[in-house]
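What follows is a short report on a single structure.
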Amino acid sequence: MELLTSRLRLRTLSQQDWPLFQALNQNPEVMKFVADIQQLNEIKANFDLRCSPWHKNTNAWLTLVIERQDTGEPIGLHGFKTISDPPAIAELGFMLCPKHQGQGYAYEASMAVIENAFKVHNYDTLMATVTKGNTASEQLLYKLGFKVHQVIESNYMIGGNLLDDIELVLPKPAAKKRHPA
């Protein structure tokens, strides 16, 4: 799979992307609101799972590498995972290298992934879970049109701290009706 935006190319994760996957999953700044950093063998096992062929009805992530079109540099990961069908609901997730944050890349990549999820894979709803305190991701999700569904208090442990999660949802836009000319 490949998605193109004005500045980015998103393509399916492959074995050649191990250095990017490893770097993101071992970066304390990236992982601060995601999860505790795992052992290398656990990261590698997760990577291998994400490189497996993806189908909508599997319990696996469709993982896309975000690359800059101008340089070909991989700058992050994006994707989704089916959490129910029917109704067709997928969880959206993304990680960006710190030096590429704050430049609109996450928004641009997310717009392409969301459009693909709704139009190509026919999901009814997308959801995203953000750890309370991850203001940048939370604000990005609001900008994309996500709305708070619920706050789950003391839901997730990172660094020995029990943190609240904010669950956000984005329903599939209603098809626009055509008016006769």
Side-chain angles (χ1 to χ4, degrees), residues 1-56 58-83 90-121 123 126-131 133-146 156 158-159 168 170:
M1 173 192 296
E2 181 178 85
L3 306 174
L4 296 175
T5 70
S6 61
R7 301 182 298 164
L8 303 171
R9 173 181 177 236
L10 290 88
R11 60 167 177 77
T12 307
L13 183 75
S14 68
Q15 288 294 323
Q16 72 186 25
D17 300 308
W18 167 242
L20 171 69
F21 194 90
Q22 179 184 4
L24 286 170
N25 281 275
Q26 289 186 318
N27 185 313
E29 189 176 341
V30 172
M31 298 303 292
K32 181 179 181 180
F33 294 108
V34 178
D36 289 330
I37 295 175
Q38 298 176 312
Q39 296 295 318
L40 187 59
N41 63 331
E42 295 170 310
I43 296 171
K44 181 67 165 102
N46 188 21
F47 172 75
D48 290 338
L49 279 175
R50 288 182 180 229
C51 284
S52 300
W54 179 84
H55 302 284
K56 182 179 178 183
T58 61
N59 186 27
W61 282 89
L62 168 64
T63 304
L64 303 172
V65 174
I66 307 167
E67 293 178 335
R68 288 179 46 163
Q69 282 196 47
D70 60 350
T71 64
E73 180 183 5
I75 63 170
L77 301 171
H78 212 309
F80 50 80
K81 173 184 173 180
T82 302
I83 57 173
E91 181 177 0
L92 187 78
F94 51 88
M95 302 169 94
L96 215 61
C97 297
K99 75 176 189 175
H100 295 287
Q101 294 173 3
Q103 299 174 49
Y105 292 130
Y107 178 80
E108 191 173 323
S110 295
M111 290 294 289
V113 170
I114 289 167
E115 180 179 9
N116 178 272
F118 285 141
K119 291 184 177 177
V120 175
H121 299 288
Y123 285 103
L126 296 178
M127 66 156 292
T129 302
V130 63
T131 303
N134 187 351
T135 308
S137 291
E138 185 179 353
Q139 293 303 316
L140 171 63
L141 291 164
Y142 293 144
K143 185 176 178 180
L144 291 164
F146 281 78
Y156 199 65
I158 300 177
L168 301 105
L170 179 67

Over all heavy atoms of both residues, which pair between V30 and L96 is shortest? Give the atoms and the distance, please. CG2-O, 3.7 Å

Check whether more than 12 heavy atoms from other residues, nucleotides or ligands sit under 6.0 Å from atom CD of Q39, and answer yes or no. no

Report the distance from atom CD1 of I66 to atom OG of S110, rounding to the nearest 0.5 Å. 7.0 Å

Looking at Q69 and T5, would you say the former's side chain and the latter's main chain have a donor-acceptor pair under 3.5 Å? yes

All heavy atoms of A35 vs all of Y156, minimum pair found to be CB-OH, 3.5 Å

Does any part of the side chain of D17, heavy atoms only, come nearer than 4.5 Å to the side chain of S14, both counted from C-beta? yes

How long is the span from the CZ atom in R9 to the CG atom in L64, to the nearest 0.5 Å? 10.5 Å

Exercise: do T82 and Y123 side chains pair donor with acceptor under 3.5 Å: yes

Assess the residue pair L77 and L20 against the criterion (side-chain contact (heavy atoms from CB on, under 4.5 Å)); give the C-alpha distance rounded to whole Å, side-chain angles, the decisive distance to 0.1 Å, and a yes or no. CA-CA 9 Å; L77 301 171; L20 171 69; 3.9 Å; yes

Going through the checks in order, is the salt bridge (Lys or Arg N to Asp or Glu O under 4.0 Å) test met by K99 and E29? CA-CA 11 Å; K99 75 176 189 175; E29 189 176 341; over 6 Å; no

If you compare all heavy atoms of A106 against all heavy atoms of L140, which two are closest, and at what distance to 0.1 Å? CB-CD2, 3.6 Å

State, yes or no, whether a side-chain contact exists between L13 and F47 at a heavy-atom distance under 4.5 Å. yes

Test log, rule side-chain contact (heavy atoms from CB on, under 4.5 Å), inputs M111 and L144: CA-CA 7 Å; M111 290 294 289; L144 291 164; 3.5 Å; yes

Do the non-hydrogen side-chain atoms of V113 and L3 ever get within less than 4.5 Å of each other? yes

What I'd like to find out is whether the side chain of L8 reaches to under 4.5 Å of the side chain of L10, using heavy atoms alone. yes

Tightest non-hydrogen contact, residues L24 and M95, listed as O-CE, 4.0 Å

To the nearest 0.5 Å, tell me how far T129 OG1 sits from I83 CD1. 7.5 Å

Could you walk me through whether W61 and F80 satisfy the ring pair (Phe, Tyr, Trp, His ring centres under 6.0 Å) test, starting with their C-alpha distance in whole Å, then the side-chain angles of each, then the deciding distance to 0.1 Å, before giving a yes or no? CA-CA 6 Å; W61 282 89; F80 50 80; 8.3 Å; no

If every non-hydrogen atom of P74 is compared with every non-hydrogen atom of C97, which pair is closest and at what distance? O-SG, 4.4 Å

Applying side-chain contact (heavy atoms from CB on, under 4.5 Å) to L126 and F118, what does each step give before you reach the verdict? CA-CA 8 Å; L126 296 178; F118 285 141; 3.8 Å; yes

Within-4.5 Å side-chain heavy-atom neighbours: K56 and L62: no

Heavy-atom side-chain proximity of L168 to M127 below 4.5 angstrom: no

Derivation of the side-chain contact (heavy atoms from CB on, under 4.5 Å) call for N116 and H121: CA-CA 7 Å; N116 178 272; H121 299 288; 2.9 Å; yes

Any idea how H78 and F94 line up, ring-wise: parallel (<30°), tilted (30 to 60°), or perpendicular (>60°)? tilted

Could you state the interatomic distance from CZ (R50) to CZ (F21), rounded to the nearest 0.5 Å? 5.0 Å

Measuring from Y105:OH to I75:CD1, what's the distance to the nearest 0.5 Å? 5.5 Å

With heavy-atom distances below 4.5 Å as the criterion, would you say the side chains of W18 and K44 are in contact? yes

In Å, rounded to the nearest 0.5 Å, how long is the span from CG of N134 to CG of L141? 8.5 Å

Q38 to I43 - nearest heavy-atom pair and separation: O-CD1, 3.5 Å

Does some side-chain heavy atom of L92 sit less than 4.5 Å from a side-chain heavy atom of F146? yes

